**Student:** 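Dropping a structure here in structure tokens format, bear with me for questions.
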2 protein chains.
Amino acid sequence: MRWDDLDKQPCSLARTLSVVGDRWTMVILRDCFLGVRRFDEFEKRLGITRHVLAERLRKLVDHGVLYKTPYQQKPVREEYRLTDKGLELHPVVMALVHWGDTHMADERGAPIVHVHKQCGQVMQPVTVCSCCGEPVTARDIRVETGSGWQDLAKELLP
Amino acid sequence: MRWDDLDKQPCSLARTLSVVGDRWTMVILRDCFLGVRRFDEFEKRLGITRHVLAERLRKLVDHGVLYKTPYQQKPVREEYRLTDKGLELHPVVMALVHWGDTHMADERGAPIVHVHKQCGQVMQPVTVCSCCGEPVTARDIRVETGSGWQDLAKELLP
DNA sequence: TAGGTTGGGTTCCTTTTTGGAACCTGTCAA
DNA sequence: TTGACAGGTTCCAAAAAGGAACCCAACCTA
């Protein structure tokens with residue numbers, strides 16, 4: 001399978017990765033969540049080549065994850081901002097950062113910490129069950145085929 | 001910057017992506033979480049080329065995300081399993097799947113659902129604050145430089 | 001005992017993607 | 001008039017992915 005066909009897979013993870021799963025997109029989105037908005041600022045911070053950056057930004061705009069909005073006229077200059085759809089990638093970013101903090105940090109600890117505005121504390125993201133509110137780990141989960149997909153059950157699960 | 005230098009960045013997200021951030025690794029890990037363990041089963045399910053698969057599995061083993069263990073002698077055959085470090089990527093997988101369910105699903109709905117064994121319900125992952133237990137979104141978070149990184153504060157944040 | 005199958009790869013070659021640098025286009029300021 | 005700035009695009013070389021074929025040890029089976 002070509003990577004380009006990922007979005008046709010009957011798998012939400014594959015479809016998500018077809019948008020954010022290439023080498024640079026998540027790093028661009030990290031900067032978006034930090035408040036970076038302009039082309040040249042992305043370029044400076046990421047050290048990514050301009051034409052890959054331009055293409056990734058275009059793709060994120062096409063998918064409705066970012067939108068362009070002018071911040072000056074004459075000449076028109078536009079900046080990139082997260083849409084609501086983009087903001088909803090925050091749990092993904094938090095989970096990636098948390099794993100890195102736990103498993104890839106050096107003796108200096110986490111480069112960046114997250115403060116929860118409501119409680120004022122430095123926080124780690126915890127994934128809980130939407131029904132009972134208890135923390136969930138991989139071992140607490142059983143996977144089943146979705147109700148619209150019974151016919152593909154044998155293909156979806158090993 | 002080359003993508004290969006991501007792991008040297010003072011950023012936990014970049015370091016995490018240096019392990020799981022290429023085109024196929026997360027899809028391989030999705031299958032690991034579904035219980036796939038053998039080379040040929042990965043190949044059949046993913047339709048990925050054998051040599052990319054072999055390289056990705058090797059890299060995940062090198063990083064301690066998977067380990068190889070024999071399931072028969074004569075001839076020795078080994079399978080790949082998630083280590084504890086690998087199991088801790090579960091929140092990342094859940095967050096990616098949830099975003100896909102929300103934003104990339106078709107009329108048939110989620111191909112796969114997650115049942116929380118403890119409460120028996122189909123669940124969605126919710127990210128909450130480790131201190132106060134309240135759900136957090138992007139707008140609830142303020143970012144600060146980690147205590148070991150004050151000297152780099154100007155570089156880390158825009 | 002020849003021939004095929006299975007699991008788990010490696011090799012080789014072609015096509016796509018990146019990386020890196022240079023170039024283009026309005027607008028403004030010196 | 002030259003230069004800077006923001007935001008790209010173009011071009012070419014280098015690296016990675018895709019696809020097919022090959023390898024090998026140990027079975028199985030006719």
Side-chain angles (χ1 to χ4, degrees), chain A residues 1-9 14 17-28 31-32 35-62 66-81 158, chain B residues 1-9 14 17-29 31-32 35-63 66-81 158:
Chain A
M1 180 173 51
R2 315 292 312 270
W3 189 75
D4 308 51
D5 300 328
L6 258 192
D7 58 340
K8 288 148 205 141
Q9 291 287 108
L17 291 180
S18 74
V19 181
V20 302
D22 60 77
R23 305 262 271 285
W24 288 108
T25 300
M26 283 307 302
V27 194
I28 293 171
D31 270 12
C32 293
V36 175
R37 297 192 173 134
R38 299 193 189 164
F39 192 93
D40 66 324
E41 200 177 359
F42 285 112
E43 193 204 349
K44 270 182 223 125
R45 286 177 50 90
L46 302 175
I48 186 178
T49 63
R50 300 169 72 80
H51 99 278
V52 171
L53 176 59
E55 207 210 271
R56 288 306 120 89
L57 289 170
R58 196 179 314 125
K59 183 172 166 187
L60 288 169
V61 170
D62 289 348
L66 301 180
Y67 66 101
K68 282 174 88 159
T69 184
Y71 65 86
Q72 70 170 40
Q73 306 294 334
K74 299 172 64 82
V76 173
R77 295 273 185 252
E78 298 188 293
E79 59 185 16
Y80 295 89
R81 292 188 188 225
Chain B
M1 179 173 53
R2 315 292 311 274
W3 190 75
D4 308 51
D5 300 328
L6 259 191
D7 58 340
K8 288 147 204 142
Q9 290 287 108
L17 291 179
S18 74
V19 180
V20 303
D22 60 78
R23 306 262 271 281
W24 289 108
T25 300
M26 283 306 302
V27 194
I28 294 172
L29 289 171
D31 271 12
C32 293
V36 175
R37 297 191 175 137
R38 299 192 189 165
F39 193 92
D40 65 324
E41 200 177 357
F42 286 111
E43 193 204 350
K44 269 182 225 127
R45 285 177 50 90
L46 302 177
I48 186 179
T49 62
R50 301 168 72 77
H51 96 280
V52 170
L53 177 57
E55 206 210 272
R56 288 306 121 87
L57 290 170
R58 197 180 313 125
K59 183 172 165 186
L60 288 169
V61 169
D62 289 348
H63 280 286
L66 301 179
Y67 65 101
K68 282 175 87 159
T69 184
Y71 64 88
Q72 69 170 40
Q73 305 295 334
K74 298 172 65 81
V76 172
R77 295 271 185 256
E78 298 188 292
E79 59 185 18
Y80 295 89
R81 291 190 188 224

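Hydrogens, waters and symmetry mates are skipped; everything else that's a heavy atom, side chains included, is used. Not measured: the values here are computed from a predicted model. Residue numbers begin at 1 in each chain, while the letters A, B, ... track the order of the sequences.
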**Student:** Applying salt bridge (charged side-chain N to carboxylate O under 4.0 Å, His left out), can you list everything that pairs with B/D5, at least two apart in sequence or on another chain?
**Tutor:**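 Partners of B/D5 by the salt bridge (charged side-chain N to carboxylate O under 4.0 Å, His left out) criterion, ordered by chain and then number, come out as B/K8.
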
**Student:** State which residues pass side chain to side chain donor-acceptor pair (under 3.5 Å) with A/R81; sequence neighbours excluded, sorted by chain then number.
**Tutor:**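 With sequence neighbours excluded, A/R81 shows a side chain to side chain donor-acceptor pair (under 3.5 Å) to A/E79, given in chain and number order.
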
**Student:** Using heavy-atom distances to pick each residue's nearest nucleotide on DNA chain D, tell me which of B/P75 and A/E78 is more 5'.
**Tutor:**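 First, find each residue's nearest nucleotide; the 5'-ward one identifies A/E78.
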
**Student:** Side chain of A/D40 only, heavy atoms from C-beta on: which candidate in D/dA16, D/dG7, D/dA17 is closest?
**Tutor:**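 When the side chain of A/D40 is considered, D/dG7 is the closest of D/dA16, D/dG7, D/dA17.
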
**Student:** Rounded to whole Å, please give me the gap between NZ in A/K44 and C1' in D/dA6.
**Tutor:**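 It is 9 Å, rounded to the nearest whole Å.
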
**Student:** Taking any heavy-atom pair under 4.0 Å as a contact, classify A/D5: base, sugar-phosphate, or nothing.
**Tutor:**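 Nothing, no nucleic acid heavy atom in range.
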
**Student:** Please classify the nucleic acid contact of A/K68 as base, sugar-phosphate, or nothing, using heavy-atom distances under 4.0 Å.
**Tutor:**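 Sugar-phosphate, backbone atoms only, no base.
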
**Student:** For A/Y80 and D/dA6, is the shortest distance between a side-chain N/O and OP1 or OP2 below 4.0 Å?
**Tutor:**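 For D/dA6, OP1/OP2 do not have a side-chain N/O of A/Y80 under 4.0 Å.
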
**Student:** How would you list, by chain and number, every residue that makes a side chain to side chain donor-acceptor pair (under 3.5 Å) with B/D22, sequence neighbours excluded?
**Tutor:**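 For B/D22, the residues satisfying side chain to side chain donor-acceptor pair (under 3.5 Å) (neighbours in sequence not counted) are B/T25, B/R56.
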
**Student:** Send over the distance from A/L57 CG to D/dA6 C1', rounded to a whole Å.
**Tutor:**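 From A/L57 CG to D/dA6 C1': 14 Å.
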
**Student:** Expressed in angstrom and rounded to an integer, what is the separation of A/E43 atom CD from D/dC5 atom C1'?
**Tutor:**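 It is 12 Å, rounded to the nearest whole Å.
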
**Student:** Charged N to carboxylate O below 4.0 Å: is that the case for A/K44 and A/D40?
**Tutor:**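 A salt bridge links A/K44 with A/D40.
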
**Student:** Rounded to the Å, how far apart are A/D22 CG and D/dA17 P?
**Tutor:**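 In whole Å, D/dA17 P lies 12 Å from A/D22 CG.
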
**Student:** For A/R50 and for A/R56, locate the closest nucleotide of DNA chain C by heavy-atom distance; then report the residue assigned to the nucleotide nearer the 5' terminus.
**Tutor:**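 Final value for this comparison: A/R56.
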
**Student:** Quick one: B/Q72 CD to D/dC27 P, roughly how many Å, whole number?
**Tutor:**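 Rounding to the nearest Å, CD of B/Q72 and P of D/dC27 are 8 Å apart.
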
**Student:** Using the salt bridge (charged side-chain N to carboxylate O under 4.0 Å, His left out) criterion, which residues pair with B/E55? Sequence neighbours excluded.
**Tutor:**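 So B/E55 forms no salt bridge (charged side-chain N to carboxylate O under 4.0 Å, His left out) with any residue.
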
**Student:** Describe the nucleic acid contact of A/Y71 in one word from base, sugar-phosphate, nothing, applying a heavy-atom distance below 4.0 Å.
**Tutor:**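 Sugar-phosphate contact only - A/Y71 comes under 4.0 Å of backbone atoms but never of a base.
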
**Student:** Counting C-beta onward and ignoring hydrogens, is there a side-chain heavy-atom pair between A/L60 and A/Y80 closer than 4.5 Å?
**Tutor:**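 With C-beta onward as the side chain, the pair stays apart.
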
**Student:** Is the shortest side-chain N/O distance from B/W24 to OP1 or OP2 of D/dG18 below 4.0 Å?
**Tutor:**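 Checking B/W24 against D/dG18: at least one side-chain N or O falls below 4.0 Å of OP1 or OP2.
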
**Student:** I'd like to check the salt bridge (charged side-chain N to carboxylate O under 4.0 Å, His left out) partners of A/E43; sequence neighbours left out, ordered by chain and number.
**Tutor:**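 A/E43: salt bridge (charged side-chain N to carboxylate O under 4.0 Å, His left out) contacts with A/R50.
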
**Student:** How close or far is atom C1' of D/dA16 from atom CZ of A/R23, stated in whole angstroms?
**Tutor:**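 The answer, rounded to whole Å, is 7 Å.
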
**Student:** Rounded to whole Å, how long is the line connecting atom CZ of A/R77 with atom P of D/dG8?
**Tutor:**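 So the two atoms are 9 Å apart, to the nearest Å.
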
**Student:** Going 5' to 3' along DNA chain C, between which two nucleotides do contacts with chain A fall, using a heavy-atom cut-off of 4.0 Å?
**Tutor:**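 So the outermost contacting nucleotides come out as C/dT16 to C/dC28.
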
**Student:** If you assign each of A/R58 and A/R2 to its closest nucleotide in DNA chain D, which residue comes earlier from the 5' end?
**Tutor:**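 Here A/R58 is the residue nearer the 5' end.
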
**Student:** Would you kindly give the NE2-to-C1' distance between A/H51 and D/dA15, to the nearest whole Å?
**Tutor:**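 My rounded result for the distance is 13 Å.
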
